[in-house]
Amino acid sequence: TLSLEAAGRPNIVFILADDLGIGDVNCYGGQRCRIETPNIDQLAREGLRFTDAHVQASVCVPTRVAIMTGRYPWRFGPPQRGGPWGFLGPRFDTDTFTLGKMLRGAGYHTGYIGKWHLGTLMQTVDGKVQGPGNVDYTRPLKVGPVQHSFDESFILPGSLDMYPYAYVRNNEWQGDVSEQKGWSAFNRVGPAEKDFEDHEVIETFYREAEDFIGKQSVNKPFFLFLALTAPHTPTSPGKAWLGKSKLGVYGDFVMEVDSAVARVRAALAKQMLTENTLILFASDHGAAPY
């Protein structure tokens, strides 16, 4: 049984898709949608569906700054210096009020899994500003989700088509970041972990989310921010999803995004946390031109 205090603080799972268009899901696109999205549709049917929402920009970083801080992104001063793509510097100071700080302050155990794209401060071998050629992957981030009050984190620094192609757990780089790789779409070649594969990223995030939820109990509320890298380029669904959609490889990728809801709900049910958990699903902004 739940204590009165715990019952008043529901667990929260926020799933954020990347570049998902409003018409890409049936509950909004209706007959014009040619992709099957049963799990998102069920979530909308059983809960609330918002029909008049507005983002602060049409690209990833400023929209994510607004979501994380609750402030318009242009209210922040110039960000700290950084390199290109996933090497960008912090978008706001560590004393900024964030979702992590708000919910940790309310007694929540906080977790962030997925695309970060809010900037990091990496340690370098030459003491200069971080970039593709000088990051020391044997040393932890100086600034990452940990400094923004996330108790647990497993991130990709930028988008899936932005190097470095490597995971960071609790500010520690994972694996051997010693190769150069590039993916489809823009073929941005840069530093990569030797075993990193683009089509495995979403499934990796799902397993991490399941592991995080699997460690939770009814005794302490938790907040999980699950930030997907899909269906942003490269359009690279997992092998299990290839050919599932009537709309080709992009539709396959959206169907893998839709499965996030099912995976989260199943993990919650396994821990008997379904009745006291709020699940939210959103896209960071509208669809990309492709």
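We're numbering straight along the sequence, starting at 1. Only this structure's heavy atoms are used, side chains among them; waters, hydrogens and symmetry mates stay out.
- Side-chain contact between M68 and L118 is present, with at least one heavy-atom pair separated by less than 4.5 Å.
- Judged purely by atom type and a 3.5 angstrom limit, K194 has no side-chain atom pairing as donor or acceptor with the backbone of S178.
- Few gaps surround CZ on R265; more than 12 heavy atoms of other groups in view lie less than 6.0 Å from it.
- Contact between V25 and I40 at its shortest, heavy atoms only, is CG1-CD1, 3.7 Å.
- Residue-environment remark: CD (E275) stays at or below the threshold of 12 foreign heavy atoms within 6.0 Å.
- A ring pair (Phe, Tyr, Trp, His ring centres under 6.0 Å) with F14 is found for exactly one of F225, F223, F281, namely F225.
- Taking the six-membered ring where tryptophan is involved, the planes of W74 and Y72 are essentially parallel, since the angle between them stays under 30° and well short of 60°.
- Using a distance-only test at 3.5 Å, with no hydrogens or angles considered, a donor-acceptor pair links the side chain of R9 to the main chain of A106.
- With a 6.0 Å cutoff to the six-membered ring centre and a 45° limit on the axis angle, R71 counts as a cation-pi contact of F76.
- Without hydrogens or angle criteria, Q271 side chain to A267 main chain gives no donor-acceptor distance under 3.5 Å.
- The aromatic rings of Y165 and W183 sit perpendicular to each other, their planes meeting at more than 60°, with 30° as the lower class boundary.
- Atom NZ of K128 has 12 or fewer neighbouring heavy atoms from other residues, nucleotides or ligands inside a 6.0 Å radius.
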Practice problem: With side chain to side chain contact (heavy atoms under 4.5 Å, CB included) as the test, would you mind laying out the steps for T98 and F92 before giving the verdict? | Solution: CA-CA 10 Å; T98 63; F92 45 80; 4.0 Å; yes
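- Inter-residue side-chain proximity for Y112 and H148 is flagged as unmet; no heavy-atom pair is nearer than 4.5 Å.
- By the 4.5 Å heavy-atom criterion applied to side chains, L273 and Q216 are counted as neighbours.
- A heavy-atom distance below 4.5 Å is not found between the side chains of M162 and L88.
- Judged purely by atom type and a 3.5 angstrom limit, R91 uses its side chain to pair as donor or acceptor with the backbone of G89.
- Atom CZ in R139 sits 7.5 Å away from atom OG1 in T124 (nearest 0.5 Å).
- L280 CG to L226 CG: the interatomic distance, rounded to the nearest 0.5 Å, is 12.0 Å.
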Please tabulate, one pair per line, all N/O donor-acceptor pairs under 3.5 Å involving side-chain atoms of residues 244-254, not counting sequence neighbours.
{"unit_1": "S245", "atom_1": "OG", "unit_2": "L247", "atom_2": "N", "d": "2.8"}
{"unit_1": "Y250", "atom_1": "OH", "unit_2": "D24", "atom_2": "OD2", "d": "2.6"}
{"unit_1": "D252", "atom_1": "OD1", "unit_2": "K244", "atom_2": "N", "d": "3.1"}
{"unit_1": "D252", "atom_1": "OD1", "unit_2": "S245", "atom_2": "N", "d": "2.8"}
{"unit_1": "D252", "atom_1": "OD2", "unit_2": "G243", "atom_2": "N", "d": "2.8"}

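- To the nearest 0.5 Å, atoms OG1 (T229) and CD1 (I155) are separated by 12.5 Å.
- Between L160 and S236, the shortest heavy-atom contact is CD2-OG, 3.9 Å.
- Looking only at side-chain heavy atoms (C-beta outward), D284 and R64 come within less than 4.5 Å of each other.
- A salt bridge links E203 with R263: the closest approach of a Lys/Arg side-chain nitrogen to an acidic carboxylate oxygen falls below 4.0 angstrom.
- F97 meets the ring pair (Phe, Tyr, Trp, His ring centres under 6.0 Å) test with no other residue; sequence neighbours excluded.
- Of the options T110, L103, I279, a side chain to side chain contact (heavy atoms under 4.5 Å, CB included) to I12 is made by L103 and by none of the others.
- Following chains of ILVMFWY side-chain contacts shorter than 4.5 Å, one can reach Y108 starting from L99, so the two form part of one hydrophobic cluster.
- Expressed to the nearest 0.5 Å, how far CG of L268 lies from CD of E210 amounts to 10.5 Å.
- Scanning both residues, V257 and A230, for their nearest heavy atoms gives CG2-CB, 3.5 Å.
- In this structure, N39 CG and S259 OG are separated by 7.0 Å, a value rounded to the nearest 0.5 Å.
- The minimum heavy-atom distance between S149 and K101, with the atom names listed, is OG-CG, 3.1 Å.
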Practice problem: In sequence, state the C-alpha distance, the side-chain angles, and the governing distance for K215 and F222, and then conclude on side chain to side chain contact (heavy atoms under 4.5 Å, CB included). | Solution: CA-CA 10 Å; K215 294 183 291 186; F222 72 87; over 6 Å; no
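- Of all heavy-atom pairs spanning P90 and P79, the tightest one is O-CB, 3.4 Å.
- Of the possible donor and acceptor atoms, none in the side chain of E256 sits under 3.5 Å from a partner among the backbone N and O of W241.
- Distance check: Q123 CD to W173 CH2 gives 11.5 Å after rounding to the nearest 0.5 Å.
- No donor-acceptor pair closer than 3.5 Å links the side chain of S159 to the backbone N or O of D161.
- Taking 4.5 Å as the limit, some side-chain heavy atom of E152 sits within range of a side-chain heavy atom of H109.
- Side-chain contact between S283 and I22: absent, with no pair of heavy atoms (C-beta onward) separated by less than 4.5 Å.
- A donor-acceptor contact shorter than 3.5 Å is absent between the side chain of Y206 and the backbone of V264.
- Remark: the backbone N or O of C27 is paired with a side-chain donor or acceptor of D41 at under 3.5 angstrom.
- A heavy-atom distance below 4.5 Å is not found between the side chains of F205 and K115.
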Self-check item: side chain to side chain contact (heavy atoms under 4.5 Å, CB included) between E200 and D195, worked out
Solution: CA-CA 10 Å; E200 296 176 349; D195 296 322; over 6 Å; no
Quiz item: Between K181 and E193, is a side chain to side chain contact (heavy atoms under 4.5 Å, CB included) present by the stated rule, with each step listed?
Solution: CA-CA 9 Å; K181 295 184 180 182; E193 201 280 329; 6.0 Å; no
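- Residue V143 is not grouped with residue M122 when hydrophobic side chains (ILVMFWY) are merged at heavy-atom distances under 4.5 angstrom, including chains of intermediate members.
- The aromatic ring centroids of F196 and Y167 lie less than 6.0 Å from each other.
- The cluster map of Ile, Leu, Val, Met, Phe, Trp and Tyr, joined by side-chain heavy atoms under 4.5 Å apart, puts V168 and V201 in the same cluster.
- Other residues, nucleotides and ligands contribute only 12 or fewer heavy atoms inside 6.0 Å of the CD atom of E36.
- T96 places a side-chain N or O within 3.5 Å of a backbone atom of D93 that can act as its donor or acceptor partner.
- In the hydrophobic clustering of this structure, L16 groups with I213; members are Ile, Leu, Val, Met, Phe, Trp, Tyr whose side-chain heavy atoms approach within less than 4.5 Å, directly or through other members.
- Contact record, Y163 with P132: CE1-CG, 3.9 Å, taken as the closest heavy-atom pair.
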Donor-acceptor pairs under 3.5 angstrom involving side-chain atoms of residues 51-61: please list them, not counting sequence neighbours.
{"unit_1": "D52", "atom_1": "OD1", "unit_2": "H54", "atom_2": "NE2", "d": "2.9"}

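- No donor-acceptor pair closer than 3.5 Å links the side chain of D19 to the backbone N or O of A287.
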